[in-house]
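Hydrogens, waters and symmetry mates play no part in the numbers below; they use all other heavy atoms, side chains included. Quick caveat: nothing in here was measured; it's all calculated off a predicted structure.
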Amino acid sequence: MLGTLLTDLYPQEVPPSELWEYLPLSRQPNFIGAYFSFWEWRIHEQSSDADVAELLDCLYERLPALHSAFAMNYYVDDLPSKLLAFALQTRGDQQETPRLYNWLKAGAFSAHDAVGLHAETTQLIIAWLQQRPEVQKAVLLEGLSRCPDDDEFELHAREVWDCLHHSALPEDFGPWCLDAAVERVDTNRRVARHLLRLAAELGLSRAVLMERVRGREALERYIQDIFETRTRASTGSRLRRTEASREEADRLREQWIDHIRANVDALRENQADPALLFHLGRAYFDRYRRAAMGRPVGGRAR
C-alpha cells in the first residue's frame with residue numbers, strides 16, 4: 001500500500017524533501033511489490049533533474065542516519081550512487097563546490113560496495129570526475145576544510161577521499177598538493193600538513209619539497225618527520241580499502257554461488273524458493289546486487 005501511495009503522490013504531494021522519511025530504517029521481508037518497484041525504478045522515472053538534486057541535498061542532510069537503511073534493504077543499496085551519477089550528468093557542472101561536495105558525499109555510501117558490483121554506475125561517476133581534474137582538487141579542499149581542527153582531523157580527512165569515488169588523480173596532483181600546502185600553512189596548518197604528506201606520498205622528492213617550503217619552518221620540520229618515519233598512511237589506507245572492497249565482492253560472489261549449489265536439486269525439480277528464482281533472474285538480466293547475492297538465512301536468499 002505504501003508503495004502504491006508513493007507512486008501516486010511523488011513528487012507532487014510527497015516532495016523530494018520528504019521522501020526519505022518513507023525509507024525503511026530496518027530490514028524488510030524479502031518481498032516483491034509496489035514498494036520495491038517504487039525505489040527500484042519508479043523514483044527514477046518520476047523524478048525531474050531538480051527533484052534528483054533536491055533528493056541528494058536532503059540525503060546529505062540526513063547522513064549518516066540513513067546508512068543502515070541502504071545497507072539492509074537491497075532494493076535501495078545503490079540508489080545514492082544512481083542519483084549521484086544522474087545529477088552529475090545533468091547538473092554537476094552548474095554547482096558550486098560546497099553543494100557538489102555534499103552530493104558526492106551523499107552518493108559515496110554505495111562506492112564502498114561498487115567494485116565489480118555497481119560497476120556501471122560507479123564508472124559514470126569516476127569518468128565525470130576524471131574529466132574534471134580541477135573539480136577533484138576543489139572537492140578535496142572543500143572536504144579537508146570541513147574537518148575538525150583537532151586530533152580527529154586525520155580520521156575525517158580519510159573519509160573525504162570517499163567523495164572522489166576511487167577516481168584516478170590528476171597527473172599534476174603532487175605538485176598541486178605542494179603549492180596548496182604552502183598557500184594554506186598560515187590559515188589552516190592541519191590541511192597544509194595533510195597536503196604536504198600527500199605530495200611526498202605521490203613521489204615528490206625531499207629536495208623538491210624543501211626547496212618549495214624554504215623559509216616556512218613549520219613545513220620544513222614536517223617534511224623532516226615525513227621522511228624520517230617513511231609515513232605512507234593515507235595512500236596505503238586508500239589502497240587497502242580498495243583491496244578490501246574487491247575481497248569483499250569476491251567473498252559475496254562465492255557465498256552466492258555456494259547458496260546456488262546448495263539448492264541445485266530444488267532448482268532442477270522446480271521446487272526452489274521463489275525469492276531465489278527472482279534473484280537468479282536479476283543476475284541473468286545483469287541486475288545483480290550486493291544484498292541480493294544471497295545471505296543464506298534459514299535456507300532462503302536474503
Side-chain angles (χ1 to χ4, degrees), residues 10-12 14-21 23 39 43-67 70 76-114 118-148 156-173 176-177 179-180 183-184 187-188 191 194-195 198 238:
Y10 174 80
Q12 286 77 24
V14 177
S17 60
E18 299 176 8
L19 187 62
W20 297 119
E21 297 177 13
L23 192 68
W39 294 106
I43 186 174
H44 303 287
E45 294 177 347
Q46 296 175 205
S47 296
S48 66
D49 296 358
D51 292 334
V52 173
E54 189 173 358
L55 284 170
L56 286 170
D57 289 338
C58 296
L59 176 56
Y60 174 79
E61 293 172 0
R62 299 191 64 173
L63 295 176
L66 290 177
H67 275 187
F70 291 116
V76 293
D77 68 336
D78 64 344
L79 181 57
S81 60
K82 281 187 171 182
L83 293 174
L84 173 61
F86 181 84
L88 292 178
Q89 298 296 326
T90 57
R91 295 198 166 198
D93 290 320
Q94 305 168 25
Q95 305 309 313
E96 297 294 330
T97 301
R99 190 185 194 193
L100 184 59
Y101 178 85
N102 292 350
W103 288 4
L104 291 165
K105 182 75 171 179
F109 173 72
S110 301
H112 297 294
D113 308 304
H118 304 145
E120 182 177 355
T121 300
T122 304
Q123 288 305 316
L124 290 174
I125 298 170
I126 289 174
W128 191 90
L129 285 167
Q130 290 180 173
Q131 292 165 8
R132 296 161 176 81
E134 296 309 310
V135 169
Q136 289 176 290
K137 298 170 185 174
V139 164
L140 177 63
L141 289 179
E142 176 68 23
L144 293 177
S145 71
R146 299 187 187 190
C147 295
H156 288 266
R158 287 194 292 272
E159 295 178 358
V160 171
W161 285 94
D162 294 335
C163 296
L164 292 181
H165 292 259
H166 304 288
S167 57
L169 300 176
E171 292 184 0
D172 66 340
F173 195 72
W176 173 81
C177 284
D179 290 338
E183 292 172 6
R184 285 160 179 77
T187 57
N188 195 324
V191 171
H194 184 84
L195 292 168
L198 286 173
R238 291 194 296 278

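One N or O on the side chain of Arg132 and one on the backbone of Trp128 form a donor-acceptor pair closer than 3.5 Å. Judged by distance alone, the side chain of His165 and the main-chain N or O of Leu104 form a donor-acceptor pair under 3.5 Å. With hydrogens and angles disregarded, no donor-acceptor distance shorter than 3.5 Å links the side chain of Gln136 to the backbone of Leu164. Looking only at distances, no side-chain donor or acceptor of Gln95 sits under 3.5 Å from a matching main-chain atom of Leu100.
The side-chain heavy atoms of Glu142 and Val139, taken from C-beta on, include no pair separated by under 4.5 Å. Residues Leu195 and Leu141 are in side-chain contact: their nearest non-hydrogen atoms beyond the backbone lie under 4.5 Å apart. Side-chain atoms of Arg62 and Glu21, non-hydrogen and from C-beta on, do get closer than 4.5 Å to each other. Two residues are said to be in side-chain contact when any heavy atoms from C-beta on lie closer than 4.5 Å; Lys105 and Tyr101 meet this criterion. Side chains of Arg146 and Pro98 form a contact here, defined as non-hydrogen atoms less than 4.5 Å apart.
More than 12 heavy atoms of other residues, nucleotides or ligands sit less than 6.0 Å from atom CD of Glu45. Within 6.0 Å of CD on Glu171 lie no more than 12 heavy atoms contributed by other residues, nucleotides or ligands.
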Checking side-chain contact (heavy atoms from CB on, under 4.5 Å) for the pair Leu19/Ile43: CA distance, chi angles, key distance, verdict? CA-CA 10 Å; Leu19 187 62; Ile43 186 174; 3.6 Å; yes
Under the side-chain contact (heavy atoms from CB on, under 4.5 Å) rule, what do Leu59 and Trp103 come out as? Steps first, then yes or no, please. CA-CA 8 Å; Leu59 176 56; Trp103 288 4; over 6 Å; no
How far apart are the C-alpha atoms of His44 and Leu83, what are their side-chain angles, what is the distance that settles it, and do they pass the side-chain contact (heavy atoms from CB on, under 4.5 Å) test? CA-CA 8 Å; His44 303 287; Leu83 293 174; 4.3 Å; yes
Using the side-chain contact (heavy atoms from CB on, under 4.5 Å) rule, take Lys137 and Asp172 through it: C-alpha gap first, then chi angles, then the decisive distance, then the call. CA-CA 10 Å; Lys137 298 170 185 174; Asp172 66 340; 2.9 Å; yes
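Atom NE2 of His166 sits about 10.5 Å away from atom CD1 of Ile125, to the nearest 0.5 Å. One finds the CG atom of Asp51 at 4.5 Å from the OH atom of Tyr10 (value rounded to the nearest 0.5 Å). We find the CG-CG distance between Leu79 and Leu66 to be 10.5 Å, quoted to the nearest 0.5 Å.
The two residues Ser81 and Thr121 have their closest heavy-atom pair at O-CG2, 3.3 Å. Taking every heavy atom of both residues into account, Ala87 and Val52 meet most closely at CB-CG1, 3.9 Å. Residues Arg99 and Glu54 come closest through the heavy atom pair NH2-N, 4.5 Å. Residues Ala106 and Tyr60 approach most closely at CB-N, 4.0 Å, considering heavy atoms. When all heavy atoms are compared, the tightest approach of Leu55 to Ser47 is CD1-OG, 4.0 Å. Closest approach of Ala138 to Thr97, counting heavy atoms only: O-CG2, 3.6 Å.
Using the six-membered ring where Trp is involved, Trp39 and Trp20 have ring planes that are parallel, under 30° apart on the 30 and 60° scheme.
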